[in-house]
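For reference, the structure is listed below as structure tokens.
Throughout, a chain's letter reflects where its sequence line sits, starting with A, and its residues are numbered from 1.
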Amino acid sequence: MKLTSTVHKVEDSLDAIDFCYAQGWSDGLPVVPPSEPRVLAMVAGTRRDPSEVVGVINSISRPITVEKIAVNAVMAGCLPIYMPVLVAVIEAMCDPAFNFHGPAASTKSGAPLVVVNGPVIKDLDVNGKVGLFGPGWRANATIGRAVRLVMRNVGGYIPGEMDRGTMGAPSRYSYVIAENEEESPWIPLHVERGFQPSDSCVTVYAAEAPQQVNDHHGRKPEEILGTVADSMARLGNFNVLTGPGEHMVVLGGEHMRDIADAGWNKARIRGFLFEHCRRPADLLKRRGSLPGPVESGDDRKMIPMVERASDIMIVAAGGAGGRFSCIIPCWAGTSASRAVTRRSNS
Amino acid sequence: MAHLRLLNPKYEGEVPAGRLAARLASLDGARIGLLDNDKPKANRLLEHVAGLLEARHGVGGFVRVRKGSATKPAEEEHIRRLLGEADAVVTAIGD
């Protein structure tokens, strides 16, 4: 197997960690030195040739090869068995619909959220239960970190340089979850998006960091989801200013069970949220989220925060105890970015 | 002592180099492309610039184009139109 990356010689492993810092290769945390044998083992985690171009970053026309993904995966602390998932994530991000460059460079500090579905959840031990947004699970932490390192080192998205994120975000270190398929009463996300239950898939969504929704009072779906819908329509959310985009709702264990016990499926949940994640037109106009002057009747004209119910993605995940869920607004409207799902099979 | 051989994680291929177009000798009578990047108020900024160009430099007209999305490159058809119809292009972002 032939690798083509430039070789740098260093004395030992500790020197190597400092060397990686000095080269600007790190996200701020120590990295695993990308030694040749480790990179070769990482490449062997996929059936693809190291020279294969997995995708091209739009706007800057930058190809991403299997070899460069592997070098960054080593630095992130990935295991070679994570490679097919990682390759699928990069492939999805290079789909024009996702728009790799946009969320990577934008002042909004969005990040690619990866939702893992299918048998690979168990194979790699990707966490979709208690504490799923981290920390503590190697697959979640290192796959997401590898994505960020690829963005930094291959794409050149370095904060203050091509990455213009005003605030940054913890989700920019790593942002990977699984759906809790084992306990979910509903159809998994990847199946809703056209794949088979037996497919292992990643869905990549350019998104804000997760916002928790605390509802300890409601027991009925209308009550719990009413709180969720209210959070989806918060004026400061990215989706409210940038025009209709997608939205993800991660329903935690207790909320999930109460809603499911009442006989609601994901379609009904989406329909309810679509009807209730709204704000009056006069308010949105006064805050610059809608164009035009305020007109008579605008205070009764309720504007949905997504264009259609199908733009709301529902994921059942999180711990079994505690009445919490999360909403995850989009990074931008659907004309700028859409979530993309890819099979992880290489 | 044995050395560790580390592989470079960065992109090492070619970076396509853009180049600036030649300056116009004069703006007098020139047709100016106005490329709106689709962000709010970009059009206001461009129209202000258009007014100045008309009043101060006697430009010969404008070709107005608006991108489909602020976060994506201008569409091929828009670039072709600007290449074919404009002598120079001003672009603006808004917010």
Q | Partner chain A: residue of B:A70, B:S69, B:P9, B:G13 with the largest heavy-atom pair count (under 4.5 Å) | A | B:P9
Q.
Does B:R44, at its CZ atom, have more than 12 non-hydrogen atoms belonging to other residues, nucleotides or ligands within less than 6.0 Å?
A. no
Q. Side chain to side chain contact (heavy atoms under 4.5 Å, CB included) between B:T71 and A:W331: does it pass, once the steps are laid out?
A. CA-CA 11 Å; B:T71 76; A:W331 158 75; 3.4 Å; yes
Q.
Is A:S13 in contact with chain B via its backbone, its side chain, both, or neither, using a 4.5 Å heavy-atom distance?
A. both
Q. Could you state the interatomic distance from NE2 (B:H3) to CG (A:D12), rounded to the nearest 0.5 Å?
A. 10.0 Å
**Q.** Which portion of A:V39 sits near chain B, non-hydrogen atoms under 4.5 angstrom
**A.** side chain
**Q.** Minimum heavy-atom distance A:A16-B:L4, with the two atoms named
**A.** CB-CD1, 3.9 Å
(Q) If I take atom CG from residue B:L6 and atom CG from residue A:D15, how far apart are they, to the nearest 0.5 angstrom? (A) 10.0 Å
Q) More than 12 foreign heavy atoms under 6.0 Å from NE2 of B:H48: is that the case here? A) no
Q) Highest number of heavy-atom pairs under 4.5 Å with chain B: which of A:E67, A:R62, A:K9, A:M75? A) A:R62
Q. For A:F19, does the CZ atom sit with more than 12 other heavy atoms under 6.0 Å from it, leaving out its own atoms?
A. yes
Q) What option among A:G102, A:S35, A:G24 has the most heavy-atom pairs under 4.5 Å with chain B? A) A:S35
(Q) Under a 3.5 Å cutoff, is there a donor and acceptor pairing between the side chains of A:S5 and B:N8? (A) no
Q. Rounded to the nearest 0.5 Å, how far does NZ of B:K72 lie from OG of A:S337?
A. 7.5 Å
(Q) Heavy-atom cut-off 4.5 Å, strictly under: side chain, backbone, both or neither for A:P291 against chain B? (A) neither
Q | Distance, nearest 0.5 Å, that separates NZ of A:K68 from CG of B:L7 | A | 7.5 Å
Q: Assess whether atom CD1 of B:I93 is packed by more than 12 heavy atoms of other residues, nucleotides or ligands within 6.0 Å.
A: no
Q. What distance do B:E12 atom CD and A:T6 atom OG1 have between them, rounded to the nearest 0.5 Å?
A. 3.5 Å
Q: Please look at A:I69 and chain B and tell me whether the side chain, the backbone, both or neither of the residue comes under 4.5 angstrom of a heavy atom of that chain.
A: neither
Q: Select, from A:E36, A:R38, A:H101, A:R152, the one with the greatest count of heavy-atom pairs under 4.5 Å involving chain B.
A: A:E36
